[in-house]
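None of these values were measured; they are calculated from a predicted model. Order of the sequence lines sets the chain letters (A, B, ...), proteins ahead of strands, with each chain counted from 1.
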2 protein chains.
Amino acid sequence: MRRTNIPEAAIRRLPIYLRVASELAAADVPIISSAELAERTGLSPEQIRKDLAYFGAFGTRGVGYDTSLLSRRIARILGLHRGVRAALVGVGHLGHALARYSISQHKDIQITALFDTDPEKIGTDVMGVRIQPVSQLVETCRQQGVKIGILTVPASAAQSTAELMKQGGIEAILNFAPAKLKLDGVFIQNIDLTIELQSLAYYTSASEEDPGEGE
Amino acid sequence: MRRTNIPEAAIRRLPIYLRVASELAAADVPIISSAELAERTGLSPEQIRKDLAYFGAFGTRGVGYDTSLLSRRIARILGLHRGVRAALVGVGHLGHALARYSISQHKDIQITALFDTDPEKIGTDVMGVRIQPVSQLVETCRQQGVKIGILTVPASAAQSTAELMKQGGIEAILNFAPAKLKLDGVFIQNIDLTIELQSLAYYTSASEEDPGEGE
DNA sequence: CACTGTGAATTGATTCACAGCT
DNA sequence: AGCTGTGAATCAATTCACAGTG
């Protein structure tokens with residue numbers, strides 16, 4: 001019933017709507033129109049209406065969307081209403097920063113386990129979450145019902161760590177390592193800083209095609 | 001002549017090809033076919049051929065692509081051949097981690113300036129790059145010819161900081177703040193950790209539509 | 001012969017335009 | 001009257017299928 005014909009692009013926009021809707025609901029703004037949502041998100045009103053309509057009509061014609069209802073519905077669609085547990089592997093500088101940020105910010109996605117191989121780090125904690133050895137990953141993730149993995153290990157360790165995550169019952173991975181993971185049955189989203197920066201360079205006058213060295 | 005009909009998606013894949021090609025060239029593998037490239041990147045051979053063909057034919061029919069030539073050509077297309085300077089604003093935990101990583105890793109995109117508003121941080125350095133007050137941003141970026149900005153400030157400061165970046169001559173921004181920047185004439189790429197994690201939850205059994213609280 | 005390069009076909013996402021509620 | 005919800009049209013990206021070439 002789920003995961004059918006709904007564009008992936010639409011799903012990636014739901015958290016944006018969620019953010020705006022819950023901010024407004026918290027500020028006691030009860031209603032927002034697709035036009036206003038468009039204004040605040042930089043998307044088009046039609047796209048917003050279409051995205052929301054994929055999941056059933058929760059607006060009121062002639063009026064708009066109830067911000068409180070909207071935020072609850074989106075949270076439910078994403079499965080955030082009960083709280084989703086995540087584990088982060090590789091507590092280097094980036095991993096540490098992400099862990100701090102996620103542990104402090106998100107109530108809906110909670111990092112409940114941290115793993116590393118460095119004996120110096122194991123046993124220390126990040127904002128109250130203890131760093132465990134990677135050898136504990138499968139067992140701990142299974143015990144805690146962790147569903148999301150955040151991968152901030154070196155590229156060379158990425159594939160094997162991802163496999164452990166799968167064994168531990170993780171169903172979706174946010175991969176920061178510059179490596180393409182091959183892992184069936186697990187949803188993988190890559191964030192690669194090098195790719196982002198390098199492709200950004202293209203949109204810069206630095207790339208203004210000075211006409212090649214010959215060859 | 002540039003920025004014409006080439007799909008943005010293709011440009012975002014160039015750094016992937018660049019990585020593989022330069023790794024192979026460094027390992028003295030002189031030639032790679034689109035099929036092998038597909039194998040290593042998880043993309044399709046046709047897509048790779050099409051992407052590369054947008055920028056002119058640099059393969060040899062019946063043979064494949066010269067890895068060394070390929071990496072040089074892509075670097076040139078992206079404008080990386082001369083080195084591109086970047087500035088990072090907001091040296092919190094995430095900013096610090098990204099700065100460390102970028103300063104140490106990338107030769108082609110160099111972070112040459114760091115900015116923050118915190119007097120405690122100003123004057124300290126990250127791997128040899130001194131943190132300056134944001135009040136110096138415009139002047140320093142102009143002086144150094146910085147073209148890329150990395151934005152790791154709180155959401156509330158994102159828009160105003162982005163405007164300073166534009167004033168400083170920055171042409172492309174990698175924005176980690178959860179805010180939609182409105183800024184004409186500057187290419188903006190957003191990375192929003194909350195969005196990534198929340199949309200990941202959808203692909204997890206956590207979201208298995210237990211049928212709502214009614215209303 | 002084995003590969004690249006590329007028009008044509010397809011698939012997917014966005015935008016348009018309007019019908020349908022409240 | 002003013003908004004949502006949605007089929008139809010457009011636009012963009014991917015995949016197909018094969019012609020072209022070293």
Starting from the 5' end of DNA chain D, give me the residue, E46(A) or V63(A), whose nearest nucleotide shows up first. V63(A)
Restricting to non-hydrogen atoms, name the atom on [X] and the atom on [Y] that form the minimum distance, rounded to 0.1 Å.
X: S207(A); Y: I77(B); result: CB-O, 3.4 Å
X: L14(B); Y: I74(B); result: O-CG2, 3.7 Å
X: G169(B); Y: K147(B); result: O-NZ, 4.0 Å
X: Q189(A); Y: L200(B); result: CB-CD1, 3.7 Å

Provide, to the nearest angstrom, the distance between the [atom1] atom belonging to [X] and the [atom2] atom belonging to [N].
X: R12(A); N: dG12(C); atom1: CZ; atom2: P; value: 18 Å
X: D66(B); N: dC3(C); atom1: CG; atom2: C1'; value: 15 Å
X: E39(B); N: dC3(C); atom1: CD; atom2: C1'; value: 17 Å
X: K50(B); N: dG7(C); atom1: NZ; atom2: P; value: 7 Å
X: L37(B); N: dG5(C); atom1: CG; atom2: P; value: 12 Å
X: Q47(A); N: dG12(C); atom1: CD; atom2: C1'; value: 13 Å
X: E8(A); N: dA13(D); atom1: CD; atom2: P; value: 16 Å
X: I48(B); N: dT14(D); atom1: CD1; atom2: P; value: 12 Å

Between [options], spot the one nearest the side chain of [X], thanks.
X: Y65(A); options: dT14(C), dG5(D), dT4(C); answer: dG5(D)
X: A53(B); options: dG5(C), dT4(D), dG7(D); answer: dG5(C)
X: R49(B); options: dT22(C), dG7(C), dA17(D); answer: dA17(D)

Side-chain donor or acceptor of R61(A) under 3.5 Å from a matching atom on the base of dT22(C)? no
By nearest-nucleotide position on DNA chain C, the 5'-leaning member of L52(B) and D51(A) is L52(B)
5' precedence on DNA chain C between A10(A) and F58(B) (nearest-nucleotide basis): F58(B)
Within the pair [X] and [N], is there a side-chain N or O less than 4.0 Å away from OP1 or OP2?
X: Y54(B); N: dT4(C); result: no
X: S34(A); N: dT4(D); result: yes
X: S44(B); N: dT15(D); result: yes

Once the angle between the rings of F187(A) and Y203(B) is folded into 0 to 90°, is it parallel (under 30°), tilted (30 to 60°) or perpendicular (over 60°)? parallel
What contact category does R13(A) fall into here, base, sugar-phosphate, or nothing, at under 4.0 angstrom with non-hydrogen atoms? sugar-phosphate
